[in-house]
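Heads up: the structure comes next, in structure tokens.
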Amino acid sequence: MEVKDTLSSTMKTVETREGKRMNMFVCGPTVQDRPHMGHARTYVFYDVLARYLRYKGIRLFYLMNITDIEDHIITKMQETGRSWEDITTSYSSEFFEIMRRLKNNSVNYYAFATDYIKEIIEQILKLIEKGYAYKISDGIYFRVRKFKDYGNLSKQNLDELRAGARVEVREEKEDPLDFALWKMKKEGEPSWPSPWGDGRPGWHIEDTAITESIFGPQYDIHGGAKDLIFPHHESEIAQMEAVSGKKPIVRYWIHTGHLNVDDIKMSKSLKNFVTVEDALRSYWPEAIRIMMLSMKYSAAVNFEEKAAIDAQGNAERISILYHRVSGVPEIRSDWALEMTGRIFAPLENDMNTPEVVREIISFVKDSLARNKLSEQEKGEILYVLRQIEAVFGIVHTVPLPDKSMDIILKMRNESRKKGDYDSADMIRDTLKSLGVHIEDTSEGSYLWW
RNA sequence: GGGUAGGUGGCAGAGCGGCUAUGCACGGGACUGCAGAUCCCGACUAUUGGGGUUCGAAUCCCCACCUACCCUCCA
């Protein structure tokens, strides 16, 4: 399997470490607001990546951080008057709930930044000791110029960065590029004790403290959206490699593109912020996953209602097939294995999920077109669908809410036999309003939902 | 201004020098009590523009234009 690595700008073959193990870290959210569709895009992608690596037999540990202390959270406190605990608890709970509803279930461990204050302080102490960090009145800063690889990931030239910098320069800093490792407490801000006084960690140091304490100084895959390349991931490289003296910190850097809405960047000020919860009111989680996976992960893409409607249609078709074949034992035949292999093959080429979605839709349509499925055929199709579900999570398999539906279905078919179509249609319409669809075929009537 | 990716039919997206995928959406028909699912047919007759290399280019080279993202808020 090959992936596009941001640092080298080349395709790299994914190789596991001993014991087929891999460690993956993906930047999680700052819990200061509600999850939106951009988050959904990123986290659905990494979820599928994790599922696929495991499907291939790799023993993957998937770690995600939760930034629960950061400037934005403090701004939110000031704007709303809510406490730090209140804000971070409620938004992190909401994030986990959204992840669950989107079927993003592959994360092994969520690490909260504030649970790693001790490790953060230890890293800063090492950086000071090695001459990579210095103290000024409002905090501890990283000496960027001392780390000569700074800029390699984002392909930025430091001198041009400086020319384009539009932040106000703090005179005390040795260089405008230097970034904060520790920020001294200001009135009303949450803080933790440190050797330099009460304060809070800078944004970048959280992640390296977490990954070092869980993975060690080097690990395999680091993911996140493209906007994090600079300065966030750049700074992570500098911090960790400066602390440990070992490089590279990460073997494969993978970055996802942004999601725009109706050609405009999603932003709160433009009010085109689509929350995941809103989307889930209109579309199945499986549909949202299909929509996200229909686009190349690395490209910037546009979210349009039409794409969501298409995806919902495909999700429903998959569900129809699933409900037609479920109920028989799955059969892992040569045909089923070959079909599964063909469907997943494009993932080997830098996670080409759009190809896979097309393959899946073709498979589903072909299967639906085959009338009179034998038990054997149903079992084989079921096997393939289960593999698709394992990796993509796009098969709507929630259990039927009420077993009495079967009786209602029988009653309706009695009505149809008698030619009482008004009653039959009334039953169908009523069930539909409950989210349960009836599909009459020459083989009999099926339900799907 | 600097950097990184790109520009293929309505949308998504293959093609990696010659045989112009594919999926969805769209139009017509079949089947069905109707709907859905499915099938058949059709239309889209696409490769940002301009040069060049070549017997031959969406595919290679040059120029221009355009788009997205980054240049210390951001998944």
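A note on names: the letters A, B, ... follow the listed sequences, proteins ahead of strands, and every chain is numbered from 1.
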Protein-nucleic acid N or O pairs under 3.5 Å, nucleotides 22-27 of chain B:
{"residue": "B:rU22", "atom": "O2", "partner": "A:R358", "partner atom": "NE", "Å": "3.2"}
{"residue": "B:rC24", "atom": "OP1", "partner": "A:K365", "partner atom": "NZ", "Å": "2.7"}
{"residue": "B:rC24", "atom": "O2'", "partner": "A:D310", "partner atom": "OD1", "Å": "3.3"}
{"residue": "B:rC24", "atom": "O2'", "partner": "A:D310", "partner atom": "OD2", "Å": "3.0"}

Taking the inter-plane angle between the rings of A:W335 and A:F363 on a 0 to 90° scale, is it parallel (under 30°), tilted (30 to 60°) or perpendicular (over 60°)? tilted
So that I know where these two stand, are A:H204 and A:F179 an aromatic pair - ring centroids less than 6.0 Å apart? yes
Measure the acute angle between the ring planes of A:W448 and A:H437, then classify it against the limits of 30° and 60° as parallel, tilted or perpendicular. parallel
Report which part of the nucleic acid A:Y43 touches: base, sugar-phosphate, or nothing (heavy-atom distance under 4.0 Å, all strands). sugar-phosphate
Of the nucleotides B:rG36, B:rA68, B:rG33, which has the atom closest to the A:N260 side chain? B:rA68
Looking at the side chain of A:S9, which of B:rA5, B:rA37, B:rC70 is the nearest nucleotide? B:rA5
Rounding to the closest angstrom, what is the interatomic distance between B:rC74 and B:rU67 at atom P? 26 Å
Classify the ring geometry of A:H255 against A:H233: parallel below 30°, tilted from 30° to 60°, perpendicular beyond 60°. tilted
C1' gap between B:rU53 and B:rC70, integer Å: 35 Å
Give the ring-plane orientation class for A:H396 versus A:W284, where under 30° counts as parallel, over 60° as perpendicular and anything between as tilted. parallel
In terms of relative ring orientation, are A:Y43 and A:F95 parallel, tilted or perpendicular, with 30° and 60° separating the classes? perpendicular
Students often mix this up, so state it plainly: with edges at 30° and 60°, are the rings of A:W449 and A:H323 parallel, tilted or perpendicular? tilted
Protein-nucleotide distance (A:I66, atom CD1; B:rA75, atom C1'), rounded to Å: 12 Å
Would you call A:E97 and A:R100 a salt bridge, taking side-chain N to carboxylate O under 4.0 Å as the test? yes
Does the pair A:D159/A:R145 count as a salt bridge with the N-to-O cut at 4.0 Å? yes
Could you tell me whether the phosphate oxygens of B:rA14, OP1 or OP2, come under 4.0 Å of any side-chain nitrogen or oxygen in A:N352? yes
Test salt bridge (Lys or Arg N to Asp or Glu O under 4.0 Å) applied to A:D366 - qualifying residues, sequence neighbours left out: none
Using the P atom in both, what is the distance from B:rC69 to B:rG52, to the nearest Å? 36 Å
Could you check which of B:rA35, B:rA14, B:rG6 has an atom nearest any side-chain atom of A:D440? B:rA35
How far, in whole Å, is B:rA12 from B:rA46 if one measures between their C1' atoms? 14 Å
Using the P atom on both, measure B:rU47 against B:rG10 and round to a whole Å. 10 Å
Taking CD1 from A:I438 and C1' from B:rA37, how many angstroms apart are they, rounded to a whole number? 14 Å
For the P atoms, the ones on B:rA43 and on B:rU8, what distance do you get once it is rounded to whole angstrom? 24 Å
In whole Å, what separates the P atom of B:rA21 from that of B:rG42? 14 Å
Whole-Å gap separating P (B:rA68) and CD1 (A:I229): 17 Å
Please state the P separation for the pair B:rG9 and B:rU4 - nearest whole angstrom. 26 Å
Could you provide the dot-bracket string of RNA chain B, using ( ) for intrastrand pairs, [ ] for crossing pairs and | for bases paired to another strand, with Watson-Crick or G-U pairs below 3.5 Å? ((((((((.[[[..)..(...]]].(((((.......))))).....[[[[[..)....]]]]])))))))....
Would you indicate what A:R412 reaches in the nucleic acid, counting non-hydrogen atoms under 4.0 angstrom: base, sugar-phosphate, or nothing? base
